[in-house]
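What follows is a structure written as structure tokens; I'll ask about it next.
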Amino acid sequence: MSKAQRKHVIDNILFVLCFLVSANYFIRPILLRVLFSDNFSAFHESLYWATTIFAQIMISVAVALNLLIAIAVDQMMELRREAHTDKLSGLLNRDGFDHALQALRNAERDRNEPIALVIADLDHFKRINDTFGHGVGDAVIAAFGCVVRDTLHDRWIAARFGGEEFSILMCGVTPSEAYGISEKIRRKFEIHCRDNMSGRLRATVSMGLTLGTLSGDIKRLYTEADSTLYEAKRAGRNNVKIHVFDEKIGDFLSQKNENCLHSVVS
């Protein structure tokens with residue numbers, strides 16, 4: 001997703017050092033004028049001159065070192081992004097999803113935030129590969145990744161778990177919002193494939209959606225979402241099924257005057 005990356009601490013240090021270098025060129029002439037206005041010959045023999053030269057050397061060395069560190073940090077972050085990214089879909093891979101989820105849970109440790117987990121599976125994907133070839137199958141996966149990236153919010157997490165299976169985690173959403181977003185992804189994907197690929201190709205996706213809390217049992221969320229996905233498959237595919245199992249989320253939604261869905265609905 002085209003989101004601005006959070007600044008690393010080394011970038012802030014580099015900014016401060018560059019500011020000091022720039023300030024030095026403005027402050028030094030002023031101090032020189034004030035301190036040695038009557039005797040410029042004494043300037044080169046003064047403690048101020050020796051201190052200025054030494055400070056300039058140290059700041060320059062510090063800037064050079066920080067530039068090297070910044071380049072190394074950028075390269076390491078890029079390698080980490082590549083290791084956690086599925087190149088075909090442009091989404092996270094499973095390791096990347098787990099890492100992002102843990103980081104989110106650590107960042108929101110004090111908030112029992114409601115979340116929605118979606119397990120999505122491309123319908124009849126093997127048939128698409130067998131009929132149209134793996135190149136078209138790859139294009140279908142890439143198309144779904146593009147639709148998901150264009151739809152999701154900054155703090156939400158999406159990954160390709162392998163093959164034609166995907167996982168999407170949305171934070172701070174109600175059942176109706178999560179269902180609406182899932183339906184939007186489903187419709188956009190079907191329309192995109194219909195309008196941009198072979199006229200004989202009909203690519204669709206089934207989704208199982210469940211809701212809980214960020215501090216709750218994530219493994220149980222996976223199990224419930226996966227089970228709900230199979231409800232969507234049994235209902236004819238190309239649809240979204242939703243299930244809310246966590247009583248805590250029910251309490252939260254009651255405070256928000258939302259209707260909590262406690263059973264699988266269409």
Side-chain angles (χ1 to χ4, degrees), residues 1-3 85-94 96-97 115-211 221-222 224-244 261 263-266:
M1 301 179 186
S2 57
K3 306 242 182 359
T85 301
D86 174 65
K87 294 182 179 180
L88 186 55
S89 66
L91 303 175
L92 296 173
N93 56 27
R94 186 156 196 157
F97 184 90
I115 58 172
L117 179 67
V118 177
I119 302 294
D121 191 82
L122 304 184
D123 297 326
H124 301 299
F125 187 71
K126 185 178 184 302
R127 185 186 302 173
I128 292 174
N129 277 333
D130 292 344
T131 304
F132 299 97
H134 289 277
V136 174
D138 289 349
V140 170
I141 289 174
F144 186 75
C146 181
V147 168
V148 171
R149 293 197 309 275
D150 288 345
T151 306
L152 295 190
H153 185 275
D154 284 6
R155 293 174 61 243
W156 299 347
I157 307 169
R160 180 188 176 202
F161 271 23
E164 66 273 23
E165 185 176 298
F166 299 81
S167 183
I168 302 167
L169 187 140
M170 296 175 272
C171 297
V173 291
T174 64
S176 58
E177 290 170 340
Y179 182 82
I181 292 165
S182 301
E183 265 293 314
K184 182 178 180 181
I185 292 172
R186 184 194 65 78
R187 290 194 303 269
K188 285 175 65 176
F189 172 66
E190 183 179 18
I191 293 170
H192 176 89
C193 292
R194 184 192 65 198
D195 294 347
N196 294 280
M197 297 185 183
S198 169
R200 294 186 299 120
L201 172 65
R202 183 171 183 261
T204 59
V205 62
S206 301
M207 293 179 163
L209 165 64
T210 189
L211 287 97
L221 271 180
Y222 281 124
E224 292 291 335
D226 197 53
S227 176
T228 309
L229 168 64
Y230 282 97
E231 290 287 338
K233 294 281 189 181
R234 286 192 291 268
R237 294 183 168 85
N238 192 24
N239 64 74
V240 179
K241 291 290 185 179
I242 179 171
H243 177 62
V244 179
L261 305 176
S263 59
V264 177
V265 297
S266 299

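When a residue number appears, it is its place in the shown sequence, counting from 1.
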TODO: Compare all side-chain heavy atoms of K188 with those of D150 and state whether any distance is below 4.5 angstrom.
DONE: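 In short, these two side chains touch, coming nearer than 4.5 Å.
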Open item on the list: Let's go through E231 and H243 carefully: what are the C-alpha distance in whole Å and the side-chain angles of both, what is the deciding distance for side-chain contact (heavy atoms from CB on, under 4.5 Å) to 0.1 Å, and is it a yes or a no?
Closed with: CA-CA 10 Å; E231 290 287 338; H243 177 62; over 6 Å; no
Task: Minimum-distance pair of heavy atoms, taken over all atoms of S167 and Y222 - done: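 Distance-wise, the nearest heavy atoms are OG-CE2, 4.2 Å.
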TODO: Check A178 against L211 and note the closest heavy-atom contact, atom names and distance.
DONE: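 Minimum heavy-atom contact is CB-CD2, 4.5 Å.
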- [ ] Tell me, with the steps shown, if I181 and H153 meet side-chain contact (heavy atoms from CB on, under 4.5 Å).
- [x] CA-CA 10 Å; I181 292 165; H153 185 275; over 6 Å; no
Task: Qualifying residue for salt bridge (charged side-chain N to carboxylate O under 4.0 Å, His left out) with D121, from K241, K126, K233, R160 - done: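 Of the listed options, the one satisfying the test is K233.
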- [ ] Would you name the heavy atoms of V240 and E183 that are closest together and state the gap between them?
- [x]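 Closest approach of V240 to E183: CG2-OE2, 3.6 Å.
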- [ ] To the nearest 0.5 Å, tell me how far M170 CE sits from I157 CD1.
- [x] 11.5 Å
Open item on the list: For K184 and T151, which I'm curious about, is there any donor-acceptor pair between the side chains at under 3.5 Å?
Closed with: no
Task: Distance-minimising heavy-atom pair for M197 and A143 - done: CE-CB, 3.9 Å
- [ ] Drop me the distance from R234's CZ to L229's CG, to the nearest 0.5 angstrom.
- [x] 9.5 Å
TODO: Apply side-chain contact (heavy atoms from CB on, under 4.5 Å) to the pair F144 and V205, showing each step before the final yes or no.
DONE: CA-CA 9 Å; F144 186 75; V205 62; 3.9 Å; yes
TODO: Specify the closest pair of heavy atoms between T85 and L91, including all atoms of both residues, with the distance to one decimal.
DONE: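 The answer is CG2-O, 3.4 Å.
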Task: I141 vs F166 side-chain heavy atoms within contact, under 4.5 Å - done: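 I141 vs F166: side chains touch.
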TODO: List the steps, then state whether side-chain contact (heavy atoms from CB on, under 4.5 Å) holds for F189 with V148.
DONE: CA-CA 9 Å; F189 172 66; V148 171; over 6 Å; no
- [ ] Measure the CZ-CD1 distance between R155 and I115 for me, rounded to the nearest 0.5 Å.
- [x]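 Reported value, rounded in 0.5 Å steps: 10.5 Å.
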- [ ] Please work out which of the three classes, parallel, tilted or perpendicular, describes the rings of F97 and F161, given edges at 30° and 60°.
- [x]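 Ring orientation of F161 relative to F97: perpendicular.
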- [ ] Would you mind reporting whether V140 and L201 have side-chain heavy atoms less than 4.5 Å apart?
- [x] yes
Open item on the list: How close do T228 and I242 get, counting heavy atoms only, and between which atoms?
Closed with: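 Minimum heavy-atom contact is CG2-N, 3.9 Å.
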Task: CG on L169 to CG on L152, rounded to 0.5 Å - done: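 The CG atom of L152 sits 10.0 Å away from the CG atom of L169.
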TODO: Step by step, work out the side chain to side chain donor-acceptor pair (under 3.5 Å) result for N239 and R186.
DONE: CA-CA 7 Å; N239 64 74; R186 184 194 65 78; over 6 Å; no
Task: Short side-chain to backbone donor-acceptor contact, R149 and S89, under 3.5 Å - done: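 Checking the backbone N and O of S89 against the side chain of R149, a donor-acceptor pair under 3.5 Å is found.
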TODO: Nearest 0.5 Å please: distance from the CG atom of L92 over to the CG atom of D86.
DONE: 9.0 Å
Open item on the list: Do S206 and D123 pair up side chain to side chain, a donor and an acceptor below 3.5 Å, judged on atom types alone?
Closed with: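 Yes - a donor-acceptor pair under 3.5 Å links their side chains.
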Open item on the list: Once rounded to the nearest 0.5 Å, what's the spacing between atom SG of C193 and atom CD1 of I128?
Closed with: 7.5 Å
Task: Charged N-O contact under 4.0 Å between R187 and E190 - done: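 No, this pair does not count.
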